[in-house]
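Just so you know, these numbers come straight off a predicted model, no measurement behind them.
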Amino acid sequence: MTGLPRRRLLGFAGAGVALAGAGAAVGALSSSSSSSDQVRLTGAEAVPFHGEHQAGITTPAQDRMHFVALDVTTTKRAELISLLKEWTEAARRMTAGQEAVEGGAVGGNAQAPPKDTGEALDLPPSALTLTIGFGPSLFDERFGLSGLKPPKLIDLPRFPGDDLDERRTGGDLCIQACANDPQVAVHAIRNLVRIGFGRVSVRWSQLGFGRTSSTSTAQATPRNLFGFKDGTNNVKAEDADALREHVWVAPGDGPDWLVGGTYLVARRIRMHIEIWDRTPLAEQEQIVGRTKGVGAPLGQVAEFDPVDLHVKGKGGQPVIGETAHVRLASAEHLGGVRILRRGYNFTDGSDGLGHLDAGLFFLCFNRDTGKQFVPMQAALAAKDKMMEYLEHNGSGHFVVPPGVREGGFWGDTLFT
Amino acid sequence: MPLPAVRLTALLGSVLLLAACGDEPAPAGAGGPIAVEATDDACKVARTTANTGNVTFEVTNKGSKVTEFYLFAEGDRILGEVENIGPGLTRRLIVEVTEAGKLQTACKPGMKGDGIRGEFTVSGEGRKATDGDAGLAEATKSYQRYVNSQADSLLAKTTEFVDAVKAGKVEEAKALFPVTRTYWERIEPVAESFGDLDPKIDGREDVIEEGMEFTGFHRLEKDLWQDGLQADSAGVADRLLTDVKDIVAKAKAVELTPLQLANGAKELLDEVATGKITGEEDRYSHTDLWDFRANVDGSQAAVAALRPVIQGRDAALVTSVDEKFKALDELLEQHRAGDGFKLYTELSEDEVKALAAAVDALGEPISRVAEVVSQ
């Protein structure tokens with residue numbers, strides 16, 4: 001053990017500049033996402049923490065995720081603010097590939113517990129992003145925020161078929177950690193939780209092992225646990241117009257502190273994969289509305305061919321059925337509505353009945369949940385044939401404040 | 001019922017459109033896609049012959065009106081169409097043509113009238129439909145008889161159940177509830193294929209869409225076991241009978257294909273695995289095991305109808321299915337109580353798990369029946 005702080009070897013130069021380790025040539029990847037400064041992630045490098053928007057939204061989706069929802073246990077506004085400041089500092093460091101605290105793992109007093117838990121020592125930044133959100137329950141009387149609650153931070157309605165577990169629902173705060181190494185993501189959440197003891201406590205948490213959406217055109221479309229490509233028509237980082245229209249809160253949307261922010265919806269969706277696996281291929285494809293191999297919309301040839309809802313086959317039956325997933329979720333069906341999806345596959349042990357508790361941890365970002373996610377989910381819950389294989393058992397809605405400027409802290413536009 | 005989605009494609013409307021669209025990009029056929037230039041008064045099809053298989057049209061609207069393009073078989077049977085092609089747009093239509101013959105193409109500028117027709121000739125080998133098999137035809141007839149008999153009993157028992165509810169005879173109605181549902185659950189995939197009727201008859205409170213009233217069996221179940229009969233219980237009972245009459249008539253008129261039978265057998269077990277094994281279905285009465293038994297009965301009936309065909313094609317599959325049905329039967333029968341079954345809440349965790357494992361074990365071979373039938 002050299003005693004060097006974690007990852008200093010990897011060449012961290014300072015806030016706002018990202019360097020990869022060991023000679024890999026990588027440009028700065030801005031979280032403000034203008035297409036010119038998007039570069040393909042090689043997997044190990046750092047993603048800048050500062051920017052107009054928080055990282056972890058349009059950042060090309062990393063392979064792993066650890067998401068945590070927390071309840072604030074302190075009732076003192078000052079304590080909450082100081083926590084957000086401490087968290088921001090730790091997040092700045094960890095996303096740059098450093099320990100949560102300088103010299104935290106092994107550089108401190110030998111008689112003191114280490115200030116960094118240490119499991120990420122020697123690991124590269126791994127494109128770690130940390131993204132914070134505030135739940136509706138944070139905006140009550142405790143912290144003097146009730147007047148500042150965004151009207152669009154609604155309580156989600158109950159959708160048909162919802163089977164929500166209280167222990168996987170809600171939260172005053174959430175933190176999404178995404179990285180290309182699961183240990184780096186878990187290390188980040190663990191250390192942030194630790195910093196928060198006495199002020200926050202974990203309400204629920206979820207690990208994800210494989211991204212189910214691409215958020216950049218530079219990424220191939222991944223597959224979900226049904227074996228289908230997922231997120232082909234996602235809003236992508238390179239499409240600045242779509243991001244402005246569908247993702248970022250703009251001046252005039254209200255409230256002012258939120259400009260540059262967005263809204264996050266999390267849904268834990270259990271997938272009855274055992275039943276799905278007994279379903280014939282042709283039926284699977286009709287349920288999804290795409291082919292399983294290349295992922296082409298039914299009636300078309302290639303993955304990125306436009307979904308054409310107006311093609312009909314024998315007897316005038318629509319080729320993409322009335323209850324097909326891609327039809328119901330399509331912008332055309334929903335009057336132009338789109339969302340940016342950023343979900344992950346999960347398996348969490350067994351359901352106790354001989355099945356895997358597996359599914360998709362759905363995460364999406366949108367500018368107005370009531371007008372985007374809600375109508376989309378309402379249409380799917382009511383008609384999507386895929387619902388027979390799904391069960392939504394966890395849920396959360398959070399407002400995601402804008403990005404942090406140099407010297408600022410998470411949520412500073414709300415608290416100052 | 002399962003989640004609210006409609007099992008249309010699975011059992012009834014199983015139009016395997018472009019069945020060959022699996023993995024490989026649809027082959028364009030000799031000469032590639034056929035360009036169609038549609039204007040307000042012409043419909044130029046670049047090539048008017050093709051071989052059987054997938055035929056691809058690329059339709060460009062060079063006119064000023066929104067248009068449509070059709071491929072018709074004899075008697076104006078639609079083989080494929082693409083609608084809503086705006087001026088300047090190009091859209092693709094891939095049609096799987098299974099038989100040689102004289103077809104017609106049509107553009108419909110303004111989306112009305114008979115359209116601008118043209119001859120289109122398809123030659124080559126046709127594909128033999130499996131439905132022609134005499135054994136399969138007998139299988140569907142035999143299963144249809146089963147559906148009819150269950151539907152008759154469903155109507156008779158529902159009438160008794162509804163009368164008991166309306167007369168305020170709570171104990172009698174409670175006794176009739178699981179018996180009546182048995183006939184429903186045995187033919188559930190057939191009944192479920194009639195869209196809106198299923199949620200009205202069998203909707204659970206948690207899966208009802210917003211704005212839709214909670215009616216049917218489970219509403220009355222809640223009244224009988226939990227809330228007591230309500231002012232509108234009699235009305236709900238009347239509506240249940242009306243809806244059941246409706247669905248019985250439809251179920252008896254439906255024409256099933258062998259593939260639908262095979263998928264129905266599988267779906268009944270899916271029902272058990274997702275709804276009954278968890279005790280979600282009958283959450284007030286806890287009579288889930290009755291429904292469980294009925295779903296298994298229904299699955300067994302569909303397989304029995306197909307049995308001669310499967311026996312001839314894959315005897316080992318029949319043996320496997322028989323064994324697994326027997327194992328599940330034996331397990332279920334252990335939970336008999338009198339003429340019926342124990343309450344779901346009386347089962348231990350281990351007993352539930354053993355039932356789940358037996359259903360999974362049966363589900364795997366059952367899921368292969370469709371493949372054998374379609375050979």
Side-chain angles (χ1 to χ4, degrees), chain A residues 157-163 272 274-283 285-287 290-294 296-302 305-306 308-324 351-355 378 380-391, chain B residues 2-10 13-19 21-26 28 56 68 77-85 91-96 206-210 212 259 263 266 269-270 273-274 277-278 280 349 352-353 355-357 360 363-364 366-367 370-371 374:
Chain A
R158 191 193 70 81
F159 298 102
D162 272 4
D163 191 14
H272 292 289
E274 293 82 3
I275 308 295
W276 179 261
D277 295 344
R278 289 173 203 147
T279 304
L281 176 63
E283 193 181 338
E285 292 185 334
Q286 284 176 29
I287 290 169
R290 287 183 182 276
T291 63
K292 196 165 187 176
V294 300
L298 294 189
Q300 307 300 326
V301 177
D305 285 349
D308 192 334
L309 302 178
H310 304 278
V311 176
K312 297 183 174 181
K314 268 195 193 78
Q317 293 281 341
V319 171
I320 295 177
E322 299 295 344
T323 59
D351 68 352
L353 295 172
H355 311 128
L380 292 173
K383 294 206 180 76
D384 187 1
K385 195 161 149 46
M386 194 185 286
M387 285 298 292
E388 286 185 21
Y389 303 85
L390 305 177
E391 186 183 309
Chain B
L3 298 167
V6 178
R7 291 183 175 235
L8 259 181
T9 38
S14 188
V15 212
L16 292 185
L17 300 164
L18 297 175
C21 65
D23 274 8
E24 68 287 0
T56 303
E68 297 173 339
R77 274 188 304 122
I78 298 170
L79 293 182
E81 65 172 285
V82 53
E83 298 176 343
N84 197 25
I85 313 171
R91 302 268 291 280
R92 178 188 291 146
L93 174 67
I94 303 174
V95 187
E96 191 194 14
D206 58 321
V207 293
I208 295 294
E209 283 172 53
E210 213 149 301
M212 192 179 154
L259 210 50
N263 282 325
K266 179 193 98 67
L269 290 179
D270 294 350
T274 54
I277 209 75
T278 55
E280 285 169 40
E349 239 174 74
V352 172
K353 192 170 179 186
L355 284 167
D360 281 332
E364 281 301 325
I366 290 279
S367 73
E371 176 191 347
S374 70

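- Contact of the A/P160 side chain with the B/M212 side chain is not registered, since no non-hydrogen atoms from C-beta on lie closer than 4.5 Å.
- If you measure heavy-atom distances from B/E364 to chain A, the contacts under 4.5 Å come from both the backbone and the side chain.
- Residues B/I94 and A/V319 have side chains not in contact (no heavy-atom distance under 4.5 Å, counting atoms from C-beta outward).
- Expressed to the nearest 0.5 Å, how far CG of B/D270 lies from CD of A/E274 amounts to 11.0 Å.
- B/R92 touches chain A through backbone and side chain together, each having a heavy atom under 4.5 Å away.
- Although no hydrogens or angles enter the test, the distance criterion places a donor-acceptor pair under 3.5 Å between the side chain of A/R158 and the main chain of B/D206.
- Under the 4.5 Å side-chain criterion, counting only non-hydrogen atoms from C-beta, A/T279 is in contact with B/K266.
- Rounding to the nearest 0.5 angstrom, the gap separating the NZ atom in A/K314 from the CD atom in B/E81 is 13.5 Å.
- When the candidates B/L269, B/I366, B/D360, B/L355 are compared by the number of heavy-atom contacts under 4.5 Å with chain A, B/D360 comes out ahead.
- Distance check, rounded to the nearest 0.5 Å: OH of A/Y389 to OG1 of B/T274 gives 9.5 Å.
- Residues satisfying the side-chain hydrogen bond (donor to acceptor under 3.5 Å, both in side chains) criterion with A/D277, sequence neighbours excluded, are absent altogether.
- Heavy-atom pairs under 4.5 Å with chain B were tallied for A/L309, A/D162, A/I275, A/D163; the largest tally goes to A/I275.
- Only the side chain of A/D305 comes within less than 4.5 Å of a heavy atom in chain B; its backbone stays farther off.
- Side-chain contact between B/I78 and A/K312 is absent, with no heavy-atom pair separated by less than 4.5 Å.
- The distance from the CZ atom of A/R278 to the CG atom of B/N263 is 13.5 Å, given to the nearest 0.5 Å.
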